[in-house]
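Notes follow the structure.
In what follows, chains carry the letters A, B, and so on, assigned in the order in which the sequence lines appear, proteins first and then strands, with residues in each chain numbered from 1. For clarity, every value in this text was computed on a predicted model and none was experimentally measured.
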2 protein chains.
Amino acid sequence: MDRQRQDHDRKRSTTRPPSPPLSADAQQHETRRAILNAAVQLFMKQGYRDFSLRQVARATGYTPTTVYLYFKDKDDLLFHVAMEGFKHFCRELEEAYASGATPIERLVAIGRAYVRFGLNNPLHYRLMFMERDEFLQREPPPGFVAPVQAFELLVQAVRECVEGGYFRPGDPWAYALAVWSTVHGLVSLALTNPSLDREQIATIEEVAYEMMQRGLVVQTPP
Amino acid sequence: MDRQRQDHDRKRSTTRPPSPPLSADAQQHETRRAILNAAVQLFMKQGYRDFSLRQVARATGYTPTTVYLYFKDKDDLLFHVAMEGFKHFCRELEEAYASGATPIERLVAIGRAYVRFGLNNPLHYRLMFMERDEFLQREPPPGFVAPVQAFELLVQAVRECVEGGYFRPGDPWAYALAVWSTVHGLVSLALTNPSLDREQIATIEEVAYEMMQRGLVVQTPP
DNA sequence: TGACGAGGTTAACGCTGTTAAGTATAATGG
DNA sequence: CCATTATACTTAACAGCGTTAACCTCGTCA
C-alpha cells in the first residue's frame, strides 16, 4: 500500500559538475563555497521568507544533511549570506570615502553610496538592516570583516568634519549615529514604499542632505 | 505497530470558559476576538519568527482549522496583529498632535511620541515597520484605520509649520518624509543596537531634533 | 589486511501551514 | 413532530520545513 511517508530529496539532473582533483581542504573549501554561492543566489531570487536550506541543497545537488557538514545550521548559512552582503557594502563605502577630496565630500559620498547600495540590493539590505539586523552585532566568521567597520568609517568621516572645523563642535559618535539614522530611514522609506519612484526618492534624499547640512555644518555667511 | 504519524492538537485543560448565551454574530465576533487576543499575546511574547498559528490555536483551546474559520490564513492573522499595533500607534500620535499649542510643538510632540512607541513596543514596531512593512500599504480590514493616516497626520503637522512660516518654504510632503526618515532611523538604531541605553538614545534623539530644527526651521536671529 | 576517517546519504522525528471531509448540535420549515 | 439545513467545530491527512542519528563507501595509511 502507500508506504510510510518519506522525504525524497533525491539528486536532480541539475547536479554539480565532476570536480577536478584538488587538495583535501581546498576541496572542502570549494564545496563550502559552492553551497554558499547557491545560497546567495537563491536568497537573491526568493528573499528572506522563502529562503530554505533544503532548496539550497537541491540547487547544489547535495542532500540537506550535507549542508550541515559545512554550516552549523540554516541560520549560520543565512548569516554567511548576509556577510557576503556586508563585504560588498563595506567595499562600496570605502571606495566612496576614498573618492572625496575634502571631509565634507567624503561624508556626502559615503551617504550617497549607502543609499545607492540599499536601492540596488533591496533584498540584501532588508536582511542586513531590517529583518536580521542582529547579524550586525555577531562576531564575523574568519575571513570576513566586521560590519561595524563600515560604521567606524562613517564615524571617521564625521570626526574629520568636526576636527576640520566644518561641523559645529560636538560628539562625532552622536553625529554619526544621527547621520546613519537619516540615511537608513531614507532607504527604509524607499524599500517600504515601492510606489515611490527613483525621482521622488532623489527629491527626499536632497531634502535630507540639506537638512543634515544646515543642521550640522557651521554656517559661514560670506 | 507504530501507527501512521498523526497530529495531536488535542484540547488542553487550558480551555476557554463556557460562554454565556449571545446573539449569533455577536458570538462569532466574540471568538474571533478571542483568537486575535491570543495571537497578540503570543506575538508579544515570541516575536515574529516564532509566531505560529498552531500555538495560537492551542492557547485558545481550538484546533488549528478553527482559526481558518475566522482568518484567511496565518498571514491574515498576523496582519490583524499588526493592525492592533497600528491602532495603538495612531492613537498615541493623535494625542501627541492634540497636546501641542503651536505647530512646532505639535510636530515635536509627534516625533517624540513616535520614538516612544518604538522603544516601548519593540516587537510590534519591528513587525510594523521592519519585518512586514508591506502591511503599511495593505487595505485595512473593516473596523480598522489605515496606517497611512498616521503619516497624513505628520504631513498635516509639517504643513502647518510651513504655512505658519515656521519652516522655510518647501514641499510639506518631502519635509514630512525626511522627518519620518529621521525618527524611523533613530528607532531602528535603538532596536538594532540593544547595547545602547536609554540615555545614549536620548542624546542621539536630541542631536537629531536639533539637526532637523536647524535644517528646517527659519532662522530668525533676534 | 585492517583500521580509520573524510564526505556523503538514508530515514526518520517533530514541527509548521493548509485543506478536504466529517460530525454533532442548534435552528428552521412543512 | 420530524426532516432538513446551517453553524461551529474536529479529524485526519498532505507537503514542506529544520534537524539528527545512524549508516554507508570510499581512499589512505600502518
Side-chain angles (χ1 to χ4, degrees), chain A residues 1-12 15-16 18-19 21-35 39 42-43 46-79 81, chain B residues 1-12 15-16 18-35 38-39 42-43 46-79 81:
Chain A
M1 285 309 173
D2 46 0
R3 326 202 310 288
Q4 301 230 112
R5 197 171 68 73
Q6 63 177 14
D7 295 349
H8 53 306
D9 298 293
R10 290 289 137 70
K11 253 186 246 175
R12 301 291 225 23
T15 326
R16 61 223 124 101
S19 28
L22 276 174
S23 91
D25 52 350
Q27 170 70 292
Q28 186 159 196
H29 189 272
E30 195 85 349
T31 47
R32 190 184 154 90
R33 199 59 238 181
I35 292 175
L42 183 73
F43 175 83
Q46 312 252 74
Y48 179 63
R49 287 163 60 196
D50 297 326
F51 178 80
S52 118
L53 182 146
R54 286 178 113 106
Q55 280 189 57
V56 172
R58 280 194 287 269
T60 54
Y62 291 110
T63 53
T65 28
T66 299
V67 178
Y68 285 86
L69 300 177
Y70 296 92
F71 296 93
K72 186 177 164 294
D73 53 17
K74 176 189 179 178
D75 215 58
D76 187 41
L77 182 54
L78 197 60
F79 175 57
V81 170
Chain B
M1 280 322 175
D2 47 1
R3 327 203 310 288
Q4 302 230 112
R5 199 171 67 74
Q6 64 178 13
D7 296 348
H8 54 305
D9 298 292
R10 289 289 138 69
K11 252 185 246 172
R12 303 292 226 20
T15 326
R16 61 221 123 101
S19 29
L22 276 174
S23 92
D25 52 349
Q27 170 70 293
Q28 189 159 189
H29 189 273
E30 194 85 349
T31 48
R32 190 184 153 90
R33 198 60 238 181
I35 293 176
L42 184 72
F43 175 82
Q46 312 251 76
Y48 178 63
R49 286 164 61 196
D50 298 327
F51 177 80
S52 120
L53 181 146
R54 285 179 113 105
Q55 279 190 58
V56 172
R58 280 194 287 269
T60 55
Y62 291 110
T63 54
T65 29
T66 300
V67 178
Y68 286 86
L69 300 177
Y70 297 93
F71 296 92
K72 185 177 164 295
D73 53 18
K74 176 188 179 178
D75 215 58
D76 187 40
L77 182 54
L78 197 60
F79 176 56
V81 171

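For the pair Gln28(A) CD and dG5(C) C1', the computed distance is 12 Å after rounding to whole Å. Look at CZ on Arg49(B): it is 19 Å from P on dC15(C), rounded to the nearest Å. Between Arg32(B) atom CZ and dA8(D) atom C1' the separation is 16 Å, expressed in whole Å. Here the P atom of nucleotide dC24(D) and the CG atom of Leu69(A) are 17 Å apart, to the nearest Å. When rounded to the nearest whole Å, the span between CG of Asp75(A) and P of dT19(D) equals 8 Å. Taking atom NE2 of His29(B) as the reference point, atom P of dT7(D) lies 18 Å away to the nearest angstrom. Note: OH (Tyr68(B)) to P (dA20(C)) measures 12 Å, nearest angstrom. When rounded to the nearest whole Å, the span between CZ of Phe51(B) and C1' of dC17(D) equals 18 Å.
Out of dA21(D), dT16(C), dT11(D), the shortest distance to the side chain of Arg58(B) is found at dT16(C). In this structure, of dT18(C), dT9(C), dC9(D), it is dT9(C) that holds the atom nearest to the side chain of Thr66(A). With distances taken from any side-chain atom of Asp73(A) to the nucleotides dT19(D), dA20(C), dG8(C), the minimum falls on dT19(D). When the nucleotides dC17(D), dT19(D), dT18(C) are ranked by their closest atom to the side chain of Pro64(A), dT19(D) comes out on top. Nearest to the side chain of Tyr70(B), among dT11(D), dA8(D), dT10(C), sits dA8(D). Residue Leu53(A) places its side chain closer to dT19(D) than to any other of dT19(D), dC9(D), dG8(C). When each of dT11(D), dG18(D), dT18(C) is scored by its nearest atom to the side-chain atoms of Lys74(B), the top-ranked nucleotide is dT18(C). Here dC17(D) is the nucleotide among dT18(C), dT20(D), dC17(D) with the atom lying nearest to any side-chain atom of Arg54(A). With dG18(D), dC9(D), dT9(C) as the choices, the nucleotide that has an atom nearest any side-chain atom of Tyr62(A) turns out to be dT9(C).
One distance of note links OH of Tyr70(B) with CZ of Arg33(B); it measures 14.0 Å at 0.5 Å rounding. Summarising the geometry, atom OH belonging to Tyr48(A) is positioned 6.0 Å from atom CG belonging to Leu78(A); distances are rounded to the nearest 0.5 Å. To the nearest 0.5 angstrom, Leu42(B) atom CG is 13.0 Å from Ile35(B) atom CD1.
Ser52(A) comes within contact range of the sugar-phosphate backbone alone, with a heavy-atom separation under 4.0 Å but no base atom that close.
Checking Thr65(A) against Gln55(A), the closest nucleotide of DNA chain D that is more toward the 5' end is the one next to Gln55(A).
Counting all heavy atoms, side chain and backbone alike, Ala39(A) lies closest to Val81(A) at CB-CG2, 3.8 Å.
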- request: Evaluate the side-chain contact (heavy atoms from CB on, under 4.5 Å) criterion for residues Leu69(A) and Tyr62(A): first the C-alpha distance (whole Å), next the side-chain angles of each, then the deciding distance (0.1 Å), finally the verdict.
  value: CA-CA 11 Å; Leu69(A) 300 177; Tyr62(A) 291 110; over 6 Å; no

